[in-house]
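Shown next, in structure tokens, is the structure this report addresses.
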Amino acid sequence: PPMDSLYKFCALVGTIGVVLSLYLPTQMAWDLSERSATTERDLEVAEEEIAFVRQRVERTGRIIDNSIARQKGLRVDDPNKLKLHYSETELKALLVENDQLVRDLGIRAIDLKHLIGQRGRLASRARTAIRVGFVGLLISLGLAVLGYVMWYVRVQRHIDNRLRAGRVDA
């Protein structure tokens with residue numbers, strides 16, 4: 001019968017689809033999970049770097065403010081603290097360093113924002129992969145069952161009946 005190959009085709013394509021819809025989304029979810037773990041690590045590193053640079057900016061800012069206040073006579077030295085006096089050249093260098101630290105802090109903040117967005121996108125992709133895999137599994141399973149049932153009902157059952165009846169001309 002001409003429909004024989006159509007039913008077999010549906011059954012085989014459905015079976016292959018079931019296997020692929022179980023394997024590919026799972027593999028993709030695992031890969032995304034690994035990338036997500038790497039992103040989490042990068043996120044933690046960026047947060048720590050930002051905290052460190054922020055501390056340096058604050059410390060450098062305090063040194064500059066205290067030095068300027070001392071030069072203007074607005075600050076009295078505390079006898080319990082180390083007395084450091086900076087020249088104008090040193091203060092200018094500290095200002096440049098502070099500006100560089102603020103710039104670095106801004107760049108790391110942008111990196112952090114990007115990593116947070118990437119983490120969200122990876123989680124979304126993993127959920128989508130699982131959903132697509134589930135839908136593919138349902139469609140493939142339906143196609144496989146339809147193909148096998150139709151092939152048996154429309155083709156194989158008639159061949160089996162002829163063989164039981166003793167006719168081998170099938």
Side-chain angles (χ1 to χ4, degrees), residues 9-148:
F9 175 76
C10 286
L12 291 175
V13 166
T15 302
I16 291 169
V18 166
V19 170
L20 290 178
S21 65
L22 288 173
Y23 173 74
L24 291 178
T26 305
Q27 184 64 37
M28 186 175 180
W30 285 341
D31 291 344
L32 289 172
S33 174
E34 287 297 318
R35 287 178 52 194
S36 180
T38 301
T39 300
E40 284 295 324
R41 183 193 59 78
D42 292 345
L43 190 59
E44 289 177 13
V45 167
E47 287 172 344
E48 189 61 35
E49 286 178 350
I50 285 174
F52 177 74
V53 171
R54 186 173 284 136
Q55 286 176 346
R56 286 189 62 195
V57 165
E58 290 171 2
R59 190 176 331 121
T60 305
R62 282 193 309 269
I63 290 171
I64 291 170
D65 292 343
N66 290 339
S67 295
I68 291 173
R70 190 176 296 121
Q71 284 179 356
K72 291 181 178 179
L74 302 174
R75 180 173 171 94
V76 179
D77 291 329
D78 185 351
N80 296 325
K81 292 189 177 179
L82 179 65
K83 292 181 189 177
L84 293 177
H85 298 284
Y86 293 98
S87 67
E88 282 187 42
T89 307
E90 291 170 323
L91 282 176
K92 287 179 183 177
L94 281 173
L95 283 170
V96 169
E97 179 184 350
N98 197 43
D99 290 343
Q100 180 67 32
L101 289 172
V102 169
R103 182 180 136 330
D104 291 346
L105 185 63
I107 291 171
R108 291 310 293 166
I110 291 169
D111 288 344
L112 183 65
K113 184 178 175 183
H114 174 73
L115 288 170
I116 290 170
Q118 184 176 3
R119 177 179 56 184
R121 287 189 302 274
L122 289 172
S124 175
R125 287 179 189 164
R127 286 189 301 271
T128 301
I130 296 300
R131 287 183 190 131
V132 167
F134 182 71
V135 170
L137 177 65
L138 291 178
I139 292 171
S140 298
L141 195 57
L143 186 61
V145 168
L146 177 72
Y148 283 118

Before giving the answer on side chain to side chain contact (heavy atoms under 4.5 Å, CB included), spell out for Ile116 and Leu112 the whole-Å C-alpha distance, their side-chain angles and the decisive distance to 0.1 Å. CA-CA 6 Å; Ile116 290 170; Leu112 183 65; 4.2 Å; yes
Between [atom1] of [X] and [atom2] of [Y], what distance do you get to the nearest 0.5 Å?
X	Y	atom1	atom2	value
Ile107	Ile50	CD1	CD1	11.0 Å
Thr60	Asp99	OG1	CG	10.5 Å
Thr39	Glu34	OG1	CD	11.0 Å
Glu97	Asp104	CD	CG	10.0 Å

Closest non-hydrogen atom pair, Leu101 against Val57: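 The answer is CB-CG2, 3.4 Å.
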Side-chain atoms of residues 41-49: list all donor-acceptor pairs with protein atoms under 3.5 Å, sequence neighbours left out, distances to 0.1 Å.
| residue | atom | partner | partner atom | Å |
| --- | --- | --- | --- | --- |
| Glu49 | OE1 | Arg108 | NE | 2.6 |
| Glu49 | OE1 | Arg108 | NH2 | 2.8 |

Mind listing the side-chain donor-acceptor pairs of residues 12-31 below 3.5 Å, one per line with the distance, residues two or more places apart or on another chain?
| residue | atom | partner | partner atom | Å |
| --- | --- | --- | --- | --- |
| Thr15 | OG1 | Ala11 | O | 2.8 |
| Thr15 | OG1 | Tyr148 | OH | 3.1 |
| Ser21 | OG | Gly17 | O | 2.9 |
| Ser21 | OG | Val18 | O | 3.1 |
| Ser21 | OG | Leu137 | N | 3.4 |
| Thr26 | OG1 | Leu22 | O | 2.7 |
| Gln27 | NE2 | Asp31 | OD1 | 3.4 |

Could you please spell out the steps behind the side chain to side chain contact (heavy atoms under 4.5 Å, CB included) verdict for Leu143 and Cys10? CA-CA 6 Å; Leu143 186 61; Cys10 286; 4.0 Å; yes
Check: residues 123-134 side-chain donor-acceptor pairs under 3.5 Å, at least two apart:
| residue | atom | partner | partner atom | Å |
| --- | --- | --- | --- | --- |
| Thr128 | OG1 | Ser124 | O | 2.9 |

